[in-house]
Number of protein chains: 2
Amino acid sequence: MSDVTSVSSEAEQRFQSIYQTLRTRIVLLDYVPGARLAEEQLAEEFKLSRTPIRRVLNRLEVEGLLEIRHGAGSFVTELSMPELLEVFELRMELARLIDVLAPRTPTPVLVERLTTLQHACLDIASHSHPKRRFAELNLEVFNCLMELVGNQALRQILEQLFYRTARMWPYLLAEVHVSKEAALFHSEIGESIRLLTNNNYPSFGHLYRCHLAMACQRLAAMQTIGV
Amino acid sequence: MSDVTSVSSEAEQRFQSIYQTLRTRIVLLDYVPGARLAEEQLAEEFKLSRTPIRRVLNRLEVEGLLEIRHGAGSFVTELSMPELLEVFELRMELARLIDVLAPRTPTPVLVERLTTLQHACLDIASHSHPKRRFAELNLEVFNCLMELVGNQALRQILEQLFYRTARMWPYLLAEVHVSKEAALFHSEIGESIRLLTNNNYPSFGHLYRCHLAMACQRLAAMQTIGV
DNA sequence: ATTAATATATTTGTATACAACTTGGATCTT
DNA sequence: AAGATCCAAGTTGTATACAAATATATTAAT
């Protein structure tokens with residue numbers, strides 16, 4: 001994605017920056033579901049007028065992370081379990097396509113980044129805000145792995161869907177289970193690295209699918225929300 | 001999609017109307033690749049200011065149909081053969097998922113609409129503008145078929161990808177081949193109807209995939225464009 | 001005549017004032 | 001006191017003036 005959206009104009013850079021910032025805040029639950037984002041307030045924070053802010057908010061609405069109501073405000077959307085499961089199902093099927101559609105050779109620097117992130121998983125439990133830290137690492141790992149997707153259209157879709165479900169971790173995960181989940185994540189990254197360094201990268205999609213499937217099961221086991 | 005985007009506010013209705021209008025114009029080549037869309041001009045046409053028009057243009061840019069350049073204008077994107085093939089490949093794989101993820105039972109009214117559209121295919125050749133007519137019917141048939149997709153996330157994605165490739169028909173198809181292509185389309189719709197009325201709808205995705213695959217082959221056989 | 005530089009016109013991006021709408025509270029009625 | 005009504009404050013949507021950037025035409029230099 002960042003390859004496609006090659007930063008061009010000044011305005012585009014600003015947009016991307018604010019867009020990614022707000023998206024991250026939503027996904028990390030800095031803005032919890034139901035929270036209101038005031039345009040004026042954001043405009044002040046980013047030292048801009050409402051106009052460019054509105055463009056970002058509109059985009060986030062299209063992506064399903066915001067709901068803008070005339071005269072009322074822009075509200076972070078709620079998570080609904082049926083929707084989460086639906087999107088997860090789709091992500092699982094799409095994962096298989098990673099192997100089929102133009103898989104990319106992992107670079108050494110990618111493997112190195114993954115290894116760094118894997119080690120960081122060990123420190124999640126001792127972090128000041130474990131759940132948030134876990135969500136952060138989840139985000140970073142995802143961004144790494146997306147480099148393996150050669151089909152740009154697929155990549156864009158996977159990204160969109162990821163950000164639609166990524167909130168579930170800090171939202172649903174009980175504080176007591178964070179360390180267990182972190183350990184699982186650590187081993188998952190390890191498996192990915194082993195596969196990638198053994199030149200089996202064209203079956204990475206399969207592995208990723210497995211990880212998603214297991215995550216989906218754990219998700220379904222968590223407390224029911226939404227409809 | 002039209003179920004999800006349940007028309008709400010006045011502004012949202014206006015947006016949807018203009019958005020779909022412009023998208024259709026691009027897909028039907030009323031706006032050819034490379035053409036410039038002036039905000040001021042569109043604002044005049046729709047009796048609005050530039051502000052809501054810009055929202056529409058931004059959305060079309062995200063969908064890959066426009067490229068907006070500061071100080072220069074908003075230009076309809078060019079078609080590139082590699083991108084078309086890439087998106088087609090993805091659409092083919094996604095088609096299979098229609099059967100897996102919440103397939104919907106076809107309603108009698110849907111079958112009736114399809115039958116009407118099928119008959120309309122016979123009149124394409126004698127139409128005043130055959131290629132455009134063909135593209136129109138292609139659009140309408142697609143909208144019908146999307147009713148069979150129960151997974152909303154999948155539906156949204158299929159729609160997005162469709163509009164990214166739908167332009168190829170009026171763009172690449174030679175005038176002499178329109179009647180041949182129309183006949184093929186006629187029989188494809190026929191096959192779909194037969195399948196749907198035989199209560200075999202859970203395998204509709206497979207059939208759709210076959211149709212896409214054949215279309216993709218014909219596409220590849222057409223004159224090379226882009227890179 | 002050709003080319004480079006400049007100026008002007010055109011177009012998109014931003015800021016801002018105002019309109020449309022929603023929400024919460026105050027006031028009045030019963 | 002409960003409920004309905006109305007008003008006012010606050011928020012998003014739209015229109016518009018201006019800034020920033022680009023493209024085109026003009027002019028000057030070689």
Side-chain angles (χ1 to χ4, degrees), chain A residues 5-23 25-26 30-78, chain B residues 5-23 25-26 30-78:
Chain A
T5 319
S6 53
V7 261
S8 41
S9 68
E10 191 101 11
E12 190 57 26
Q13 279 185 328
R14 271 196 298 267
F15 171 84
Q16 284 294 332
S17 167
I18 299 172
Y19 166 64
Q20 284 168 18
T21 301
L22 294 188
R23 188 173 62 171
R25 287 183 188 174
I26 293 173
D30 293 335
Y31 300 142
V32 296
R36 188 170 70 75
L37 279 65
E39 295 179 358
E40 199 98 34
Q41 194 178 318
L42 291 170
E44 192 180 2
E45 174 183 349
F46 292 103
K47 311 286 182 206
L48 283 169
S49 77
R50 281 175 53 212
T51 310
I53 300 292
R54 282 175 61 73
R55 186 177 157 212
V56 174
L57 298 185
N58 270 305
R59 173 74 170 270
L60 290 170
E61 186 182 36
V62 172
E63 318 246 326
L65 297 179
L66 282 186
E67 186 192 343
I68 305 175
R69 290 205 296 270
H70 184 189
S74 304
F75 300 90
V76 178
T77 53
E78 300 287 341
Chain B
T5 318
S6 54
V7 261
S8 41
S9 69
E10 192 102 10
E12 190 57 24
Q13 278 185 327
R14 273 197 296 266
F15 171 84
Q16 284 294 332
S17 168
I18 298 172
Y19 166 64
Q20 284 170 17
T21 299
L22 294 189
R23 187 173 64 171
R25 286 183 188 172
I26 293 172
D30 293 336
Y31 300 143
V32 296
R36 188 170 69 76
L37 305 184
E39 294 179 359
E40 199 97 34
Q41 193 178 319
L42 291 171
E44 193 179 1
E45 175 182 347
F46 292 102
K47 311 286 183 205
L48 284 169
S49 78
R50 280 175 53 213
T51 310
I53 299 293
R54 282 175 62 74
R55 186 175 155 215
V56 174
L57 298 185
N58 271 304
R59 172 74 171 271
L60 289 170
E61 186 182 36
V62 172
E63 317 246 328
L65 297 180
L66 282 185
E67 186 192 344
I68 303 173
R69 291 206 295 270
H70 184 188
S74 304
F75 300 89
V76 177
T77 52
E78 301 286 342

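This is a predicted model, so every value here is computed, not measured.
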Checklist outcome for this item: Numerically ordered, the residues 62-70 of chain A set in heavy-atom contact under 4.0 Å with DNA chain D is A:I68, A:R69, A:H70
Next on the checklist: Going by side chain to side chain contact (heavy atoms under 4.5 Å, CB included), name the residues that satisfy it together with A:T51, two or more places apart in sequence or in a different chain.
Outcome noted: A:S49
Item to check | Start and end of chain A contact along DNA chain D [non-hydrogen atoms, under 4.0 Å] | outcome: D:dG10 to D:dT14
Checklist entry - In terms of heavy-atom contacts, does CD of B:E44 have more than 12 from other residues, nucleotides or ligands at under 6.0 Å? => result no
Item to check | Partners meeting side chain to side chain contact (heavy atoms under 4.5 Å, CB included) with A:Q41 (sequence neighbours left out) | outcome: A:A38
Next on the checklist: Test: side-chain hydrogen bond (donor to acceptor under 3.5 Å, both in side chains). Region: residues 64-76 of chain A. Which pairs qualify, not counting sequence neighbours?
Outcome noted: none
Next on the checklist: Ignoring hydrogens, what is the shortest heavy-atom contact between B:V32 and B:V76? Give both atom names and the distance.
Outcome noted: O-CB, 3.4 Å
Item to check | Nearest-nucleotide 5' precedence on DNA chain D, B:R14 against A:E10 | outcome: B:R14
Checklist entry - With sequence neighbours excluded, what pairs up with A:Y19 under the ring pair (Phe, Tyr, Trp, His ring centres under 6.0 Å) test? => result A:F15
Checklist outcome for this item: Nearest-nucleotide check on DNA chain C, B:E40 vs A:T51; residue mapping nearer the 5' end is B:E40
Checklist entry - In whole angstrom, what separates B:R50's CZ from C:dT11's C1'? => result 8 Å
Checklist entry - Base, sugar-phosphate alone, or nothing: which one does A:R55 contact when heavy atoms must sit under 4.0 Å apart? => result nothing
